[in-house]
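Hydrogens, waters and symmetry mates play no part in the numbers below; they use all other heavy atoms, side chains included. Every chain is numbered from 1 and lettered A, B, ... according to where its sequence line falls, protein lines coming before strand lines.
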There are 2 protein chains.
Amino acid sequence: MTGTSPDFAARLRSAGLRPTRQRVALARVLFGAGHRHVTAESLHAEVKATRIPVALATVYNALNQFRDAGLLHEVVVAPGRSYFDTNTGHHHHFFVENDGELHDFPADKVTIAGLPAPPRGTRLSRVDVVVRVRR
Amino acid sequence: MTGTSPDFAARLRSAGLRPTRQRVALARVLFGAGHRHVTAESLHAEVKATRIPVALATVYNALNQFRDAGLLHEVVVAPGRSYFDTNTGHHHHFFVENDGELHDFPADKVTIAGLPAPPRGTRLSRVDVVVRVRR
DNA sequence: CAAGTACTTTAGAATAATTCCAAAGATGAA
DNA sequence: TTCATCTTTGGAATTATTCTAAAGTACTTG
């Protein structure tokens, strides 16, 4: 073999999470290929297909833990729906309003000038740009 | 009197909405003073205080209709919570992550350069910038 | 490697936000 | 006024998410 298959257990461990059977299964689905956008529901459906039993509550737990550990970013674009993005690098989103699709685009070409200073007593956490489009 | 008090009924009518007792009451609360950010729940509480009976379902109906009519903008910043903004002009938001507070800032000073073209088959609807801050 | 402890998972109940529903009520055109 | 149409309403239904307590699993220590 040329490429070593990523060691998800180690990755979880170094994020401070025990590499349990279900967390590893979830990590494999999430981080096994390119960047992904998932909802708890969609991820649950995917992981169930791998024949490893994972409860929906566990998916929610894991997503929140992964996010807290910096393995995922949470993106809120539509009421009542949270997306989790495996791309934790600096980037922004296209959101297709018709069907709820989400696409990344890199932030490195984007310049935002003229932002006002944060309200007093607050410090900047991050700037999210959502470009809403319609079909 | 110098300034005529705004005619909410007329405003609703010209938005294509029947000026019912409850819609007028809601419009009065929403548009009576400066710009507002409300949730269905908070608006419901406010309008109840005016002694005009309005069901929560009606508040949801009205907010959606007002939004569809262009009288309000919907802002989604936190999972499971939608804010409606009476400021329909071009502007962006500060979102204080700790307490869910939302503040407007005008878009006229803000320049965003280097945005990629919308995905094929879509046209731009609008660009939302959310500056997330923490206390 | 046996044990114990702390952390996890689980199913289902609980909560929260929002929408749906069918019946009762209000509005505006004629 | 009359009536057809649009609205409101309370409560049930739905959807997304979190909570809970019991059962299971992982890591540490001896």
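Between Q22(B) and dA26(C) there is no side-chain N or O to OP1 or OP2 distance below 4.0 Å. Residue Y60(A) places at least one side-chain N or O closer than 4.0 Å to OP1 or OP2 of dT17(D). Between dT27(C) and R23(B), no contact under 4.0 Å exists linking OP1 or OP2 to a side-chain N or O. Residue T20(A) places at least one side-chain N or O under 4.0 Å from the OP1 or OP2 atom of dT9(C).
Using a 4.0 Å cut-off between charged nitrogen and carboxylate oxygen, R135(B) and E101(B) count as a salt-bridge pair. Contact check on R36(A) versus E46(A) returns a salt bridge, with a Lys/Arg side-chain nitrogen under 4.0 Å from an Asp/Glu carboxylate oxygen.
Atom-to-atom, CG of L12(A) to P of dA26(D) comes out at 13 Å; the value is rounded to the nearest Å. Rounded to a whole Å, the CG atom of L43(B) is 15 Å from the C1' atom of dA17(C). Atom CZ of R13(B) is separated from atom P of dT7(D) by 12 Å (rounded to the nearest Å). The CG-P distance, from D68(A) to dC7(C), rounds to 16 Å in whole Å. At whole-Å resolution of the value, CZ in R21(B) and P in dG25(C) are 14 Å apart. We find that CG of L17(A) is positioned 13 Å from C1' of dA26(D), with the value rounded to whole Å. In this structure, the CD atom of E41(A) is 10 Å from the P atom of dT15(D), given to the nearest Å. If you take CZ of R18(A) and C1' of dA26(D), they are 5 Å apart, rounded to a whole angstrom.
Nucleic acid contact class of P79(A) (heavy atoms, under 4.0 Å, all strands): none. Among the protein residues, P53(A) comes within range of the sugar-phosphate backbone only, with heavy atoms under 4.0 Å from sugar or phosphate atoms but none that close to a base. Residue A55(A) is classed as a sugar-phosphate contact, given heavy-atom separations below 4.0 Å to backbone atoms only. Using a 4.0 Å heavy-atom distance criterion, N61(B) is classed as a base contact.
When atom types are taken as modelled, the side chain of H91(A) and the backbone of G89(A) share a donor-acceptor pair closer than 3.5 angstrom.
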Please evaluate residues D85(A) and H93(A) with respect to the criterion side chain to side chain contact (heavy atoms under 4.5 Å, CB included), reporting the C-alpha separation (whole Å), side-chain torsions for both, the decisive distance (0.1 Å), and the verdict. CA-CA 10 Å; D85(A) 189 344; H93(A) 294 96; 2.8 Å; yes
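The side chain of S82(B) lies closest to dT18(C) when the candidates are dC27(D), dT10(C), dT18(C). Residue N64(A) has its side chain nearest to dT18(D) when only dT8(D), dT19(C), dT18(D) are considered.
Heavy-atom nearest nucleotides on DNA chain C were determined for G16(A) and for L56(A), and the one closer to the 5' end corresponds to G16(A). Between A62(A) and A57(B), the residue whose closest nucleotide on DNA chain C is further toward the 5' end is A62(A).
Judged by the 6.0 Å distance and 45° axis criteria, R67(B) is not positioned over the aromatic ring of F84(B).
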